[in-house]
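One-based numbering along the sequence shown.
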Amino acid sequence: MSIKNLEISKIHIFIGFFLVVDIILVVLHYFFGELMFFNLDSEHNLPTLYQATKTAFVACLATTYFIFTAYIFSPQAKKKETFSMFIWFVFVVGFLYLAIDEAGEIHEHVPVMMEQLFPVFTSNYFGFFSSLGYQANAWVLYYIPAFVGALVFFPIAALHFWKEFKSLSLLLVLGAVIIIIVPITEAVATNTAGVDTDSYQKIMMLEEGAEMVGITVFLAFVITALRRKILSYKEIK
């Protein structure tokens, strides 16, 4: 086996480890979900710590890629990579926010903060969606601009990577689809079923499991991209 294939195999094992942990946490919830420590629908427990740490790790790797390109490559090479650096900067900010949000439950507090800062706007905004029959988590409504931005950003990023690395583009699309669908699924679940129903519990378990797998897919994307960037630097040297 060549050194290159050995490195790829190590990456596969590394990502496979996280996928196994994702599945184990879902199984732990299924059998021991009554314990808050294993409950996927609770915060400040094992699943939250794991997901926040993994997302922060993805943010750190994305930051490494950005810094590697910004400070190691020649000015001419950096000029060609300007758009790519912008994409990676968005990744850094996005994953860092997701890690902080996962650890601190920021999204759960957004409705309260909005109500305190902009009471009239909040009343009219939420009232409009309530009139349409929306009764799910309020925070989803305030993240609509982020969802729209993601729907615009990810196709552009995927097309950018498709030119050189089709496998990277496919990983990015897969991760993006999973992560974007997760909050939509949560909104539908809480809007159509009570949180104490079996149907909600099943959808919630699927949703939380998908969220963990989605971040793992992004981890695979970032590690693969960083490896290729390092190899291209060695070729230049």
Do Ile156 and Phe83 have side chains that get closer than 4.5 Å, going by heavy atoms?
yes
Angle between ring planes, Phe121 versus Tyr125, binned at 30° and 60°: parallel, tilted or perpendicular?
parallel
Check side-chain hydrogen bond (donor to acceptor under 3.5 Å, both in side chains) between Tyr142 and all other residues, then give those that pass, not counting sequence neighbours.
none
Could you measure the distance from the CG atom of Leu28 to the CD1 atom of Ile24? Nearest 0.5 Å is fine.
7.0 Å
Nearest-0.5 Å distance, CG of residue Leu35 to CG of residue Leu46:
11.5 Å
Heavy-atom side-chain contact between Leu98 and Phe95 under 4.5 Å:
yes
Atom pair OG1 (Thr63) and CZ (Phe89), whose distance is rounded to the nearest 0.5 Å:
9.5 Å
Heavy-atom closest contact (Met114 atom, Thr122 atom, distance):
O-OG1, 2.9 Å
Please determine which of Asp22, Ile179, Val182 meets the side-chain contact (heavy atoms from CB on, under 4.5 Å) test together with Val213.
Asp22
Which hydrophobic side chains are connected to Trp162, either touching it within the sub-4.5 Å cutoff or through other members that do?
Leu170
Is a side-chain donor or acceptor of Ser123 paired with a backbone partner of Val120 at a separation under 3.5 angstrom?
no
hydrophobic_cluster_shared for Phe218 and Val152, side chain cutoff 4.5 Å
yes
With a 4.5 Å cut-off on side-chain heavy-atom distances among I, L, V, M, F, W and Y, is there a chain of contacts connecting Val58 to Phe17?
yes
Does the side-chain contact (heavy atoms from CB on, under 4.5 Å) test come out yes or no for Val222 and Trp88, once each step is laid out?
CA-CA 10 Å; Val222 175; Trp88 282 97; 4.1 Å; yes
Ignoring hydrogens, what is the shortest heavy-atom contact between Pro111 and Ala138? Give both atom names and the distance.
CG-CB, 3.8 Å
Side chains of Ser167 and Arg228, heavy atoms from C-beta outward: is any pair under 4.5 Å?
yes
Following the transitive rule for hydrophobic clusters with a side-chain heavy-atom cut-off under 4.5 Å over Ile, Leu, Val, Met, Phe, Trp and Tyr, establish whether Leu206 and Val20 coincide in one cluster.
no
Kindly indicate whether the side chain of Met205, heavy atoms from C-beta on, has any atom under 4.5 Å from the side chain of Val26.
yes
Does the side chain of Leu40 reach to within under 4.5 Å of the side chain of Met212, using non-hydrogen atoms?
yes
Counting N and O atoms only, with roles assigned by atom type, does the side chain of Gln51 sit under 3.5 Å from a partner on the main chain of Glu211, one being a donor and the other an acceptor?
yes
Do you know which two heavy atoms are closest between Ala157 and Leu172, and how far apart they sit?
CB-CD2, 3.6 Å
Dump the intermediate steps for side-chain contact (heavy atoms from CB on, under 4.5 Å) on Ile87 and Phe153, then the final yes or no.
CA-CA 8 Å; Ile87 290 175; Phe153 170 76; 3.8 Å; yes
Check whether more than 12 heavy atoms from other residues, nucleotides or ligands sit under 6.0 Å from atom CZ of Phe14, and answer yes or no.
yes
So do the side chains of Tyr65 and Phe91 get within less than 4.5 Å of each other, counting heavy atoms only?
no
Which atom names give the shortest non-hydrogen contact between Asn39 and Gly33, and what distance separates them?
ND2-O, 2.6 Å
Does any part of the side chain of Leu61, heavy atoms only, come nearer than 4.5 Å to the side chain of Leu219, both counted from C-beta?
yes
All heavy atoms of Trp139 vs all of Phe147, minimum pair found to be CZ3-CZ, 4.5 Å
Leu49-Phe18 co-clustered via ILVMFWY side chain contacts under 4.5 Å:
no
With sequence neighbours excluded, residues passing side-chain contact (heavy atoms from CB on, under 4.5 Å) with Ile100
Leu96, Ile106
Would you give the length of the straight line joining atom CD1 of Ile15 to atom CG of Leu171, rounded to the nearest 0.5 angstrom?
9.0 Å
To the nearest 0.5 Å, tell me how far Ile223 CD1 sits from His12 NE2.
10.5 Å
Residues sharing Val173's hydrophobic cluster, by side-chain heavy-atom contacts under 4.5 Å among ILVMFWY, directly or via others?
Val177, Ile181
For Ala52 and Glu102, work out which heavy atoms get closest and say how close.
N-CG, 3.7 Å
For residues Val112 and Tyr134: do they belong to one hydrophobic cluster (side chain heavy atoms under 4.5 Å, members Ile, Leu, Val, Met, Phe, Trp, Tyr)?
no
For His109, enumerate each residue passing the side-chain contact (heavy atoms from CB on, under 4.5 Å) test, keeping only those at least two apart in sequence or located in another chain.
Glu105, Met113
Rounding to 0.5 Å, atoms CZ (Phe154) and OG (Ser169) come to a distance of 12.0 Å
ring-ring contact (aromatic ring centres under 6.0 Å, His included) pairs touching residues 24-49, sequence neighbours excluded, are none
Please tell me if the side chains of Ile144 and Phe129 come closer than 4.5 Å, counting only heavy atoms from C-beta onward.
yes
